[in-house]
There are 2 protein chains.
Amino acid sequence: MDLGWSKLTMGDVATRAGVAKTTLYRRWAGKNELVVDAVAVLFDELELPDLGSLMADVEGVVLQFAALLERPETKTALMAVVAESTRDDALRGRIRSAIVDRQKRLVLVGRERAQARGELPYEPDPTASARHTDLIFDVVAGAVVHRALVSAEPVDEAWARDFTLLICTGLAATA
Amino acid sequence: MDLGWSKLTMGDVATRAGVAKTTLYRRWAGKNELVVDAVAVLFDELELPDLGSLMADVEGVVLQFAALLERPETKTALMAVVAESTRDDALRGRIRSAIVDRQKRLVLVGRERAQARGELPYEPDPTASARHTDLIFDVVAGAVVHRALVSAEPVDEAWARDFTLLICTGLAATA
DNA sequence: AGGCTTTCGCTACGAGCCGTAGCGTAACTG
DNA sequence: CAGTTACGCTACGGCTCGTAGCGAAAGCCT
């Protein structure tokens, strides 16, 4: 949506987009809604590669996610809107529907592929399956975000391999 | 430090603390530094319970961390300062030393206990050991934060049990 | 073509918050 | 009791959000 996000101000966004500031307020209710939509578009770039094994697929999406989080506009916008959502219930719901629930597709696709390959068993109970999906999503997304933005250390291939091994081993052994 | 954090403004903080706003600026360089110190104090409350098994210890600290994140002042302050750190290198370093590195003690203690119990093997290589510590810390802290603040779903005992099982199984199997 | 509606740009503005300057005052020290 | 230190208070500049009001451009309908 934007390239530079040097600062996260509506005036800058309007200038960069080549429109007037008032136009932004005619299309979005406020800064929060605009940023959520922008972040959601960025996250839609993510795709699950089909590399032949569960571990390779997970490692691939982890590195994709890390690359997305390295872009200054992504991490700043994402964290700003999450921080704001701790005080705004409506915004929290908007994040859930526009970002979280949308990207769970990656977990669903990955698990289906792993099941088709025989790497993971089928889960007949739909509620247990949904809980499992949520758990995996929070673990993967949370770990990458925490590593990149809180610990502030690089999500490189070595880390991705270690992480993927830990998770996939746990998944295979608990199932 | 404060109780209500209805809003995260220096004026409110000063009023609530019973001091003048200028006094805060005489003690801290700015809002960010103050909030980091406040959050660091809150995180120092965490302790690793000694419940007799690795899984029980992990589950206990996960629930403690979740309880900490449920307090409005904690989650708002933590995410606000993390968001700001995406644009401020000095602040990022301050978070690392005051919060991240400090709380890694929980991982170190937990692993030592598990090794003493024979649940986990000893790791002779110190760099590999440090990498492992960082990985576990990011996975546990990241997953809990993501579940609580991004997915915005409760970190209850059922989730803590599922998560702990996944992680501890992976830890035991990969080691 | 002409009128009508919608959309957009622009300027100006009020409000809230950050961080600072300047001055007065209380408390502590020797 | 003089000197230093720490604090309170008011006022202010600067930045940003979000809104109001007016004018212009573009599409639509007949």
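Bear in mind that the values here come from a model prediction, so they are computed numbers and not experimental data. A note on names: the letters A, B, ... follow the listed sequences, proteins ahead of strands, and every chain is numbered from 1.
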field: Closest-nucleotide ordering on DNA chain C, the 5'-leading residue of B:Thr22 and A:Thr22
entry: A:Thr22

query: If you measure from the Lys or Arg side-chain nitrogens to the Asp or Glu carboxylate oxygens, is any gap between B:Asp134 and B:Arg131 under 4.0 Å?
result: no

field: Among A:Val36, A:Asn32, A:Leu91, the one residue meeting side-chain contact (heavy atoms from CB on, under 4.5 Å) with A:Ser85
entry: A:Leu91

query: Could you state the CZ-C1' distance from B:Arg26 to C:dC23, rounded to the nearest angstrom?
result: 11 Å

- prompt: Does OP1 or OP2 of D:dC17 have a side-chain N or O of A:Thr9 closer than 4.0 Å?
  reply: yes

task: Calculate the interatomic distance between A:Tyr25 atom OH and C:dT7 atom P; express it in whole Å.
output: 20 Å

- prompt: Does A:Arg117 pair with A:Asp57 as a salt bridge, N-O distance under 4.0 Å?
  reply: yes

query: Does A:Arg27 put a side-chain nitrogen or oxygen below 4.0 Å from OP1 or OP2 of C:dC8?
result: yes

- prompt: Below 4.0 angstrom from OP1 or OP2 of C:dC8, is there any side-chain N or O of A:Thr23?
  reply: no

Spacing between B:Lys31 atom NZ and C:dC18 atom P, to the nearest angstrom: 5 Å

message: I want to confirm an ordering. Mapping A:Ala20 and B:Gly30 to their closest nucleotides on DNA chain C, which one lands closer to the 5' end?
response: A:Ala20

- prompt: Should A:Phe137 and A:Leu106 count as side-chain neighbours, where that means a heavy-atom distance under 4.5 Å?
  reply: no

For atom CD of B:Glu84 and atom P of C:dC17, their distance in whole Å: 16 Å

query: Rounding to a whole Å, what distance do you find between A:Asn32:CG and D:dG18:C1'?
result: 12 Å

field: Rounded distance in Å - CH2 (B:Trp28) to C1' (D:dC7)
entry: 14 Å

task: Would you mind reading off the distance between A:Leu24 atom CG and C:dC8 atom P, rounded to a whole angstrom?
output: 10 Å

- request: In whole angstrom, give the distance that lies between atom NZ of A:Lys21 and atom P of D:dC15.
  value: 14 Å

